[in-house]
Every structure is written in structure tokens, then in C-alpha cells.
Amino acid sequence: MSDKNSKVLLEINNLKKSYGNHVVLDGIHTTISQGEVIAIIGPSGCGKSTFLRSLNLLERPDSGEILFEGENLMDMAGEKQGLFHKKTSSEKSLNALREKIGMVFQQFNLFPNMTVKQNIMLAPVKLKLMDKEAASKRADELLERVGLSDKADTYPNMLSGGQKQRIAIARSLAMNPSVMLFDEPTSALDPEMVGEVLHLMKELARDGMTMVVVTHEMGFAREVANRVMFIDEKNIMEEGSPEEIFSNPKSPRLKDFLARVL
Amino acid sequence: MKESNKGKVQRRMLLLAAVLLAGIFVWFGSDGTAVQAENDDSTLIVGFDASFPPYGYQDESGEYVGFDLDLAQEVCKRNGWKLVKQPIDWDSKDMELNSGSIDCIWNGFTMNGREEEYTWSVPYVDNSQVVIVKADSAIHKLSDMAGKIVAVQADSSALAAFTGEDATDENKALCESFQDLQQVGDYNSAFMNLESGMVDAICMDIGVAKYQIESRGDAFRMLEESVSSEQYGIGFKKGNDTLRDTVQNTLFAMSEDKTFETIAKEWGLTDCICLKEYVPALLVEEGDMEDDEKSQTSYVEEGEEIVQGEKVQEDTANNTEGKSASKSDFLSIAKQLGKGMLATLSIFFFTLLFSLPLGLLLTFVRMSKYKVLQWIARIYISIMRGTPLMLQLLVVFFGPYYLLKMNLSYSYRFYAVIIGFSLNYAAYFAEIFRSGIEGVPLGQREAASVLGYSRMQTFTKIIFPQMVKRVMPPVTNEVITLVKDTSLAFALAYTEMFTLAKQIAAAQTSILPLFVAGLFYYIFNFVVAFVMEAVEKKLNYYR
Ligand SMILES: Nc1ncnc2c1ncn2[C@@H]1O[C@H](COP(=O)(O)OP(=O)(O)OP(=O)(O)O)[C@@H](O)[C@H]1O
Ligand SMILES: [Mg+2]
């Protein structure tokens with residue numbers, strides 16, 4: 001909420017999610033505006049991933065609203081389904097919206113059967129966002145940007161973890177998303193590779209990308225985020241600027257948490 | 001809107017299924033029409049056990065030959081028919097006959113004890129059941145066989161003579177005195193058993209016995225006492241008197257002009273034939289008058305015992321003039337097996353062609369979100385994996401007749417083999433594919449869905465290629481098993497290589513053909529393993 005003038009991208013109202021009897025999220029309210037970089041912190045198992053994955057419906061919330069540019073994603077989602085089944089029209093438009101919400105995973109999830117460049121190109125071509133030529137050109141630009149031009153024709157298994165994550169970011173960028181979700185993007189990396197990925201993310205933030213980042217990297221949250229969300233006890237317990245959260249925590253739970261991680 | 005899109009994917013699935021089915025039926029139908037023509041009045045399909053020399057067996061050039069087949073050929077010639085020689089599995093002869101896949105059983109076919117089960121021709125060969133032992137055996141009389149192990153062919157008249165409903169009390173008692181009565185699949189293995197001392201004696205038809213002794217040299221001898229005497233006739237489907245009469249009348253005519261005798265002589269069976277005794281008086285009057293007094297004799301006369309063993313044995317020496325298969329060398333056996341190799345290869349190829357896509361389709365059904373479909377696939381897979389493939393083949397082949405009263409066309413035999421194998425292997429492939437699909441990390445699907453891939457795109461571009469790589473080792477296993485399983489086609493008497501090898505082994509009284517067959521399977525599998533490994537290597541560009 002640093003920039004009250006910019007356009008609201010995501011509005012989350014009364015989001016609830018439980019697994020069986022186990023309530024994970026209980027009525028979350030928040031808005032995410034264009035250009036914001038939000039860091040989500042909190043103890044393990046508090047529901048950070050669940051919240052992030054709800055934003056693009058990888059996890060289907062039990063109730064509540066997720067408005068993306070005014071459209072409620074919840075109206076579009078089909079129920080959780082098996083691998084082979086009918087496709088609904090709402091699913092189609094859900095897919096269209098998902099193009100706008102990029103996501104980067106802790107485990108990279110690159111497609112091992114495709115080259116690095118194919119990984120980046122395939123979705124824009126398949127979804128007819130670009131023709132092959134344009135997509136190829138765009139892929140080259142993105143590879144350049146993440147500093148891996150020389151890896152275009154190698155397969156993901158030949159890359160280091162840091163390189164894989166940079167490719168995963170490039171793949172996500174190829175869709176020209178309005179917002180990017182990161183779920184602990186550096187947690188699976190060897191310490192010496194964390195830096196290169198964080199550096200790239202910083203650049204994205206500087207270029208104005210809207211980002212929601214679940215992270216354990218408090219340094220990154222403090223330096224790059226303009227809002228920090230502390231999730232605990234099934235809700236956003238406290239949020240504010242990095243300054244407020246790290247230098248002046250109010251709730252005892254947050255103080256506890258910071259004492260443990262800092 | 002919702003519905004129409006739902007429908008689209010379902011329709012796509014249905015289309016896929018339809019195309020597959022259509023493929024199967026077109027392939028079927030194309031020959032099916034030809035079959036109709038084959039199966040009409042101008043064809044006589046003779047069923048015989050192809051390892052029963054000299055009545056019906058396979059010679060060095062791969063031809064089915066024998067006394068009975070020559071007779072059948074002559075009968076067909078005289079009636080303007082085309083003869084189809086159909087080797088059958090002896091155990092399924094009744095199913096073959098009833099389902100119409102053969103017109104008659106003509107193969108040294110014993111009438112005694114089966115009088116009511118078929119519409120019979122008059123007997124044309126009188127045959128005794130005799131006992132063969134090793135030359136140096138201590139067995140000289142039937143009574144010496146007490147406490148010994150005796151071999152008979154499964155479902156043979158020798159077996160019936162000991163244990164059948166109509167077995168005489170003496171024979172039953174004799175059988176009781178044996179240590180064991182062992183059933184073997186064919187005479188070749190019987191002799192292997194005898195030679196190796198696994199059994200002490202073999203009981204068999206005299207014609208066969210003479211042939212075997214002749215081609216195996218003097219390592220064996222025949223007891224003078226015979227176990228029983230019996231007659232051979234041609235068996236037709238019960239009630240098919242018309243065909244019986246036509247064939248029989250032709251035989252009578254052949255007897256009259258001595259063609260029958262000539263053919264019998266060619267095969268060294270002069271001493272066994274008895275057709276003459278049954279040629280109706282009217283015909284006999286016109287021709288040969290000598291046997292007149294016997295012409296009225298009913299061919300199933302009760303208590304009639306013509307002990308022919310001695311007479312036949314005296315003449316054994318004369319039989320050398322008859323045709324007999326000589327032993328051939330490795331190369332000529334390999335050449336003979338060629339046709340069977342082709343059959344084996346085509347079972348292999350067509351089974352893969354149909355079972356792989358069918359397996360994938362089954363995987364889709366198995367992983368469908370509808371519980372009902374899931375269960376149907378589960379039950380199907382559990383049945384296909386839980387019952388013997390041989391039984392499934394029999395069901396596919398004979399099912400249409402016994403369940404639906406459909407008359408089977410002649411070439412259905414091959415289709416049944418392919419259908420049976422494909423249905424069975426699809427079940428195994430389906431489970432392999434399913435585990436392959438489930439083994440692809442969930443993250444792959446999540447990444448694809450976040451990138452906006454449709455389910456179809458996710459499957460074809462991401463899941464399927466990764467699945468293929470994952471399932472290569474288990475699929476290779478299945479494919480290698482399939483190579484060896486092709487020999488199960490013998491259950492439907494489809495003459496693939498192993499059946500052929502057994503037939504040749506029986507005809508040549510040698511086990512070399514079996515080894516040649518073994519070598520072929522090994523080479524075949526070697527090639528399969530090599531190819532699969534190459535494919536696997538090719539897929540190794542990623543991990
Ligand atoms: N598929 C699921 N089924 C049942 N429970 C689940 C499932 N996914 C998550 N949970 C539970 O929901 C709670 C929140 O999980 P979530 O993964 O969102 O936590 P997190 O804050 O991301 O933790 P971490 O920091 O360890 O990643 C946890 O208690 C977890 O055990
Ligand atoms: Mg998490």
C-alpha cells in the first residue's frame with residue numbers, strides 16, 4: 001500500500017482454505033497494486049504457499065473472492081480434477097488469466113524434455129500469443145537478460161540450480177505477466193547461487209514488475225520489498241513497510257519469529 | 001457453453017476410440033469378405049493334428065502331407081472342391097468342429113467310444129493300440145507292464161483304451177497295475193521320455209508305432225500282444241449327413257477303382273485299411289465281388305475284435321517303401337521354420353501395433369475422473385492380468401460361437417490370436433503407462449498449468465514425452481515376454497514357429513527343430529533388446 005495512486009491488480013476478500021478439518025487460511029483480506037513488491041514471511045507451515053498458490057488457483061480456496069483486474073477468478077475455476085477430463089469454457093478463460101499471473105517455483109519445474117529455449121518459447125507459441133519467429137526473438141532477448149544466452153540449446157539437466165531458476169524466471173517473463181508469484185525461489189539453491197537469483201529479482205523489481213515473493217531471505221525482504229506481510233495463525237497477522245516490520249514489530253508472534261530468523 | 005466444451009473433449013476421446021476400433025474392423029473386414037468366399041460349399045476344411053504321421057504331418061518342405069490328407073485331396077478333386085488343411089490343437093477338436101471352423105476331423109480319428117459324438121463315415125482304417133518298449137526292455141507281454149510307467153498321448157485312443165468310458169475291464173485292470181499312466185503332448189516327447197528312461201513303455205496306434213520304429217531304428221520294439229483294436233473314420237459335425245454322404249460315396253468310388261489302395265500303399269498302410277469291407281453291396285457287385293459277405297456288416301459292431309497287431313508286425317519290413325520323413329540338417333530345418341517365423345513375427349508386430357494404443361486408451365479410462373469408468377478399467381485389467389493368456393485366447397476364438405452362435409470364418413483364427421494378445425497386452429501396458437504418468441512430478445503439471453497450457457497440450461508436450469522415457473524399461477520387459485508368448489498361439493492351433501517346430505520334430509522324430517526354434521527366439525529377443533536399448537539411449541538426451 002505504498003503507492004495509493006497505482007492501479008489495483010489483485011484484490012483478495014475473505015479468502016478461506018482448509019485441508020479437511022485443518023483450517024489453514026481463515027478470511028484473508030488484502031489488495032496488491034501495480035508495481036508493488038510484496039514479501040511474505042512467516043513460520044513454516046503457516047500457509048504462505050497456500051496463500052500464494054490460491055492467487056492463481058493452483059490451490060482452490062474454499063470460499064472468498066480473488067479479483068484480478070476486476071474479474072473474480074473463483075467464478076472461473078472448475079473443481080479439482082483428474083488428468084483427463086472435459087475442459088470447461090471457464091477453464092479456458094482461467095487459462096487466459098493465468099498467462100497474466102506468472103509463477104516461479106522452489107523446484108524450478110523446468111520441462112526436462114525440452115531445451116532451454118523451447119522451455120521459454122513453447123507456451124507463447126502454443127497459446128498463440130506470438131508466432132514462432134517473434135517468440136524465438138523474445139526468447140533470445142530474455143536469455144540475454146538472465147545472462148544465459150550460451151545455454152539456449154542445452155537441456156535443463158545440464159544447468160546448475162541458479163541457472164535453472166533464472167531460466168524459470170525467463171520462461172515466466174516470456175508470457176509478459178502483469179504480476180509474478182515466487183514461492184521460495186532460492187530455498188532449493190546452494191548458498192553460492194542464491195545471490196545470482198536474488199540479483200535478477202532485484203532487477204525485475206527495479207523495472208517495475210509487480211511481485212509477490214514468499215521468502216526466508218530477510219535481507220531481500222528488507223532491501224527490495226516495499227511491503228512485508230507476516231502470515232501466522234491463519235491470517236495476515238501484521239503487514240507494513242520493511243521498516244515497520246523489521247525495526248518496529250508490534251505483535252509478540254512477529255517479534256518471536258524475527259528473533260528466530262534474524 | 002459449458003456443455004458444448006465438455007462435449008468437445010469427450011467427442012475427441014470418442015473419436016480416438018472410434019478410429020482405433022474402426023482400424024481393427026477395417027483390417028478384419030478386408031479379409032472377412034474373402035473369408036466368406038473361402039468358407040462356402042466349394043471348400044472342404046479338414047482339421048487334423050499336424051504331428052500325427054503318417055496320417056497328417058509336416059514334411060521337410062513345410063507342406064502338410066499324410067495318408068488322410070492325400071485321401072482328402074483326392075475326394076476334393078473328385079468333387080471339384082478346394083481343400084484347406086487346417087492343423088488343430090487336438091484338445092479343442094470338438095470346439096473347432098462345432099464352431100464350423102473346420103468341416104471334419106480326418107486324422108486317424110478313432111471311432112470306438114465316440115460313436116455318438118459325431119456323424120461318422122464308415123471306418124476306413126482298422127487300427128490297434130500297441131505297446132512300444134526299448135529293445136532291451138524286460139517287458140515282453142502286457143502283464144510285464146505291471147508296476148511300470150506307461151506313456152500315452154493326451155486325449156488319444158490309447159488313453160481312452162485304458163481309462164475311457166468304454167475301456168474293457170481287462171484294460172482297466174492292466175492300467176491299474178501300472179505305476180503311472182503318463183500323458184504326453186506328442187509322440188516325439190513320448191519317445192524322448194522312453195529313450196531317457198522316464199517312462200518304460202508307450203502305448204499308441206499301430207500305424208504310428210510302425211512309422212516311429214521304422215524311422216528310429218532298432219532301439220525300440222513292439223509287443224506282440226495289443227491293448228485293443230479300433231477303427232478310424234472321418235468325423236463330421238453331428239447331423240451333417242449330407243457332407244458325410246458325399247465324402248463317403250467318393251471314398252467308395254475311390255475304393256472301387258483302387259485309388260484308395262494305391263494311396264494306402266504309398267503310405268505303408270496297406271495292412272490297416274478296411275474300407276473295402278464297408279462298400280455297399282450294390283457297388284461291390286459292379287466291381288470287386290470277393291468281399292461281398294462282409295458288406296452288410298455294421299461298422300460299429302459290438303464285440304468285434306480284429307486283433308491285427310501280429311499281422312501288422314510281420315509286414316513292418318515291407319513298409320520301408322512308404323513315405324517317411326528323413327532327418328534334415330540345421331539349415332533345412334531353419335528353412336522349414338521360415339513360414340512359422342513369419343507367423344511369429346506377424347503376431348508380434350500386430351500385437352504391439354494394437355496393444356500399445358489400446359493400452360494408452362485404457363490408461364485414460366483408468367485415470368478418468370469418473371469412478372464408473374475407473375472401475376471398469378480396473379476390473380478389465382485385473383481380469384486380463386489375473387487369468388491365463390491361453391484361456392483368454394480360447395475365449396476370444398470360441399466365444400463368438402458358443403456365446404453368440406456366430407459361425408466363424410476360416411481366417412478368424414489369426415484375428416483371434418491378434419485380438420487375444422492385444423487385449424491381454426493392453427492391460428499390462430495400461431498399468432505401465434499409468435505408473436509412468438503418475439511418476440512425472442506434479443510440479444511439471446503445475447508449471448504447465450501456470451503457463452496456461454491446456455490439458456491436451458500438457459499431456460502431449462510435457463507428460464507424454466516424459467512418460468515414454470520412464471516406461472521404456474518395463475515396456476522392454478513386456479516386449480521380450482511377448483516374443484516368447486507368441487508360442488501360446490498354439491492354443492488356437494495357429495501355426496506359429498514353435499508349433500511348427502514341434503510338428504517338424506514329430507515328423508522327423510528329432511528334437512533338433514526345437515533347438516533351432518529356441519535359437520530363433522533368442523536372436524529375435526536379442527534384436528528386440530538391442531533396438532529398445534538404442535531407443536532408450538536416444539531418449540537419454542535429458543534426465
Ligand atoms: N495438500 C495438502 N493436504 C493437506 N494439508 C496440506 C496440504 N498442503 C499444505 N497442507 C498443510 O497446510 C499448512 C500450510 O501449508 P503451506 O505449504 O502453505 O505452508 P508454508 O507456510 O508454505 O510452509 P513452508 O514454509 O514450510 O513452505 C501446513 O500445515 C500443511 O501441512
Ligand atoms: Mg511453502
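The chains referred to below are lettered A, B, ... by the order of the sequence lines, with proteins before strands, and numbering in each begins at 1. Only heavy atoms go into these numbers, but all of them, side chains included; no hydrogens, no water, no symmetry mates.
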The interface call for M103(A) against chain B, heavy-atom contacts under 4.5 Å, is both
Can you tell me if F530(B) has over 12 outside heavy atoms packed within less than 6.0 Å of its CZ? no
Bottom line for F105(A): the part with an atom under 4.5 Å from chain B's heavy atoms is side chain
With chain A, the option among I462(B), V365(B), L539(B) that has the most non-hydrogen atom pairs under 4.5 Å is I462(B)
Checking heavy-atom separations under 4.5 Å from chain B, one finds in residues 143-156 of chain A Y155(A)
side-chain contact (heavy atoms from CB on, under 4.5 Å) filter on D62(A), not counting sequence neighbours, yields K17(A), S18(A)
Honestly, the part of M158(A) sitting under 4.5 Å from a heavy atom of chain B is neither
Cut-off 4.5 Å, heavy atoms of chain A, and the answer for Q457(B) is side chain
**Asked** For E203(A), does the CD atom sit with more than 12 other heavy atoms under 6.0 Å from it, leaving out its own atoms?
**Response** yes
Scanning both residues in full, the closest heavy-atom pair of A123(A) with Y453(B) reads N-OH, 3.5 Å
Note: vs chain B, highest number of non-hydrogen pairs under 4.5 angstrom among N56(A), N113(A), V104(A) is N113(A)
Using distance only, find each side-chain donor-acceptor pair of residues 345-361 of chain B under 3.5 Å and give its atom names and separation, not counting sequence neighbours.
from, atom 1, to, atom 2, distance (Å)
S346(B), OG, L342(B), O, 3.2
S346(B), OG, A343(B), O, 2.9
T351(B), OG1, I347(B), O, 2.6
S355(B), OG, T351(B), O, 2.6

Applying a strict 4.5 Å limit to non-hydrogen atoms, the region of R53(A) in contact with chain B is side chain
The interface call for N157(A) against chain B, heavy-atom contacts under 4.5 Å, is side chain
Nearest heavy-atom approach of E99(A) to L451(B) is CG-O, 4.5 Å
TODO: Output yes when a side-chain donor or acceptor of Q444(B) lies under 3.5 Å from a complementary backbone atom of L110(A), and no otherwise.
DONE: yes
Cut-off 4.5 Å, heavy atoms of chain A, and the answer for K461(B) is both
Hits for ring-ring contact (aromatic ring centres under 6.0 Å, His included) against F220(A), two or more places apart or cross-chain, chain-then-number order -> none
